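If you're wondering where the values come from, they're calculated on a predicted model, not measured in any experiment.
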Amino acid sequence: MLIIQLLINALIAGAIYALIACGFSIIYTTNRFVHLAHGGVVAAGAYFFYSASVTYHLPFWLAGLIAIFLSALLGLVLYLAVYYPLQRKKASRAVLLIAGLALLMVINNGLQLFYGADVKVIFNDWLETVVNVGGAAITYLQIIIILVSFLALLGVWFFSSYTKLGKVIRAVADNAELAAVTGFNTMFVRAGGFIIGSALAGLAGILVGLEENIEPVMGTALIIKGFTGAVVGGIFSWPGAVLGGYLLGLVENIGIWFLPSGYKDAIAFVLLIIFLLFRPNGI
């Protein structure tokens, strides 16, 4: 059942892309600039998890919580140390974009300096157990990836829809100037956007690290996937970004049905260019 296998693979890839895209969209809507270092936070999350689970032999669930917390903290530090001072100086979006690119390079090189350039592997026999679903193969780990991603995204939706802080963040995301006039602390909300978005990036890094090998520059490719998913779904819409992430996963896996797997990244670029040209506001 090739079609079922393709759909399962698309769901797995989409689950990870959706986390990255949603986090990217949250940061963009609250701060109004492209945070390229988001990919570096994804990679850092994977390495935080590697250190906690492999180096210190902590249980996977505890290592995951620590990695997510450290990823959120890293995002906050990046905002307070670099982006916020630039925002106070009324820096343009181009300057903030370049700053993000510089931070991405710093994180990539920092990870390489600390962990080395060699590929790291996080392995667990039980997680690699294969089960059959409708004639298609899926591992316990891949089932966990789908469920954890869904629950995390559901949590973001609940937070943004039913909590006071979530509604404030949405208000600032919709109209920061009006929100400031009404008394909201926009700096606090922007920092909150970085915390939430970076926590999702860290979770995505953990899931990628469990499913694939990890390396210092892994976040560079993943930020392209997250950005593409956000643009496809609508960068100003958090649910749209999630939808875009799943759609990208579907398009990629259908595409490699006809093309060699090495063209997967090219498929993402083509989809990104198509939407930027013909539907820049997304779905």
Side-chain angles (χ1 to χ4, degrees), residues 2-29 32-43 46 93-94 96-98 100-101 103-105 107-108 136 142 145-146 149 153 197 200-201 204-205 207-209 211-283:
L2 181 58
I3 186 62
I4 296 178
Q5 187 68 63
L6 284 173
L7 291 175
I8 290 177
N9 292 344
L11 190 59
I12 296 164
I16 294 173
Y17 296 162
L19 285 173
I20 301 173
C22 184
F24 185 90
S25 178
I26 290 172
I27 293 173
Y28 183 85
T29 54
R32 291 298 194 275
F33 67 85
V34 175
H35 173 46
L36 289 179
H38 193 61
V41 178
V42 175
R93 293 182 183 180
L96 293 167
L97 176 69
I98 295 171
L101 179 60
L103 288 173
L104 176 61
M105 296 298 104
I107 294 173
N108 287 349
Q142 291 168 338
I145 288 174
I146 295 170
S149 176
L153 294 170
L200 292 176
L207 298 180
V208 173
E211 175 71 359
E212 305 173 3
N213 299 330
I214 62 176
E215 54 184 335
V217 296
M218 60 184 283
T220 305
L222 288 170
I223 187 56
I224 299 298
K225 305 297 178 69
F227 181 63
T228 302
V231 170
V232 169
I235 199 167
F236 289 100
S237 170
W238 303 354
V242 172
L243 177 61
Y246 280 105
L247 181 59
L248 175 60
L250 179 63
V251 171
E252 277 190 352
N253 280 275
I254 291 178
I256 61 173
W257 191 3
F258 303 98
L259 298 171
S261 59
Y263 287 93
K264 181 180 285 189
D265 290 340
I267 294 171
F269 275 108
V270 170
L271 186 65
L272 174 61
I273 291 171
I274 290 173
F275 269 82
L276 286 175
L277 286 174
F278 301 106
R279 198 171 179 84
N281 293 326
I283 296 175

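- For the atom pair Ile16 CD1 and Leu222 CG, the distance stands at 8.0 Å (nearest 0.5 Å).
- Here the side chains of Val42 and Ile223 are not in contact, with every heavy-atom distance at 4.5 Å or above.
- Using a 4.5 Å heavy-atom cutoff, the side chains of Val251 and Leu247 are in contact.
- Minimum interatomic distance between Pro216 and Ala43 (heavy atoms only, all atoms of both residues): O-CB, 4.0 Å.
- The shortest distance between side-chain heavy atoms of Tyr246 and Val242 falls below 4.5 Å.
- Proximity of a side-chain donor or acceptor of Arg93 to a complementary backbone N or O of Arg32 within less than 3.5 Å is detected.
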Would you check, one step at a time, whether the test side chain to side chain contact (heavy atoms under 4.5 Å, CB included) holds for Leu36 with Leu97? CA-CA 7 Å; Leu36 289 179; Leu97 176 69; 3.6 Å; yes

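- Of the inter-residue distances, the one linking Leu7 atom CG with Leu250 atom CG reads 7.0 Å to the nearest 0.5 angstrom.
- Heavy-atom minimum distance, Ala15 versus Ser149: O-OG, 2.7 Å.
- In this structure, Tyr28 and Phe33 approach most closely via the heavy-atom pair CD1-O, 3.2 Å.
- Between Phe24 and Phe227, a ring centre-to-centre spacing shorter than 6.0 Å is recorded.
- The distance from atom CG of Asn9 to atom CG of Asn253, rounded to the nearest 0.5 Å, is 5.0 Å.
- Of all the heavy atoms in Ala13 and Gly249, the pair that sits closest is CB-CA, 4.2 Å.
- One finds the NZ atom of Lys225 at 4.0 Å from the CD atom of Glu252 (value rounded to the nearest 0.5 Å).
- Here the shortest heavy-atom pairing between Leu103 and Ala37 reads CB-CB, 3.7 Å.
- Closest heavy-atom contact between Gly205 and Ala46: O-CB, 3.3 Å.
- Here SG of Cys22 is found 12.0 Å from CG of Leu243. Values are rounded to the nearest 0.5 Å.
- Although no hydrogens or angles enter the test, the distance criterion places a donor-acceptor pair under 3.5 Å between the side chain of His38 and the main chain of Ile20.
- Between the side chain of Ser25 and the backbone N or O of Ala230 there is no donor-acceptor pair closer than 3.5 Å.
- One distance of note links CD1 of Ile224 with CG of Leu248; it measures 11.0 Å at 0.5 Å rounding.
- A donor-acceptor pair is defined here as one N or O able to donate and one able to accept, closer than 3.5 Å; such a pair exists between the side chain of Thr29 and the backbone of Ile26.
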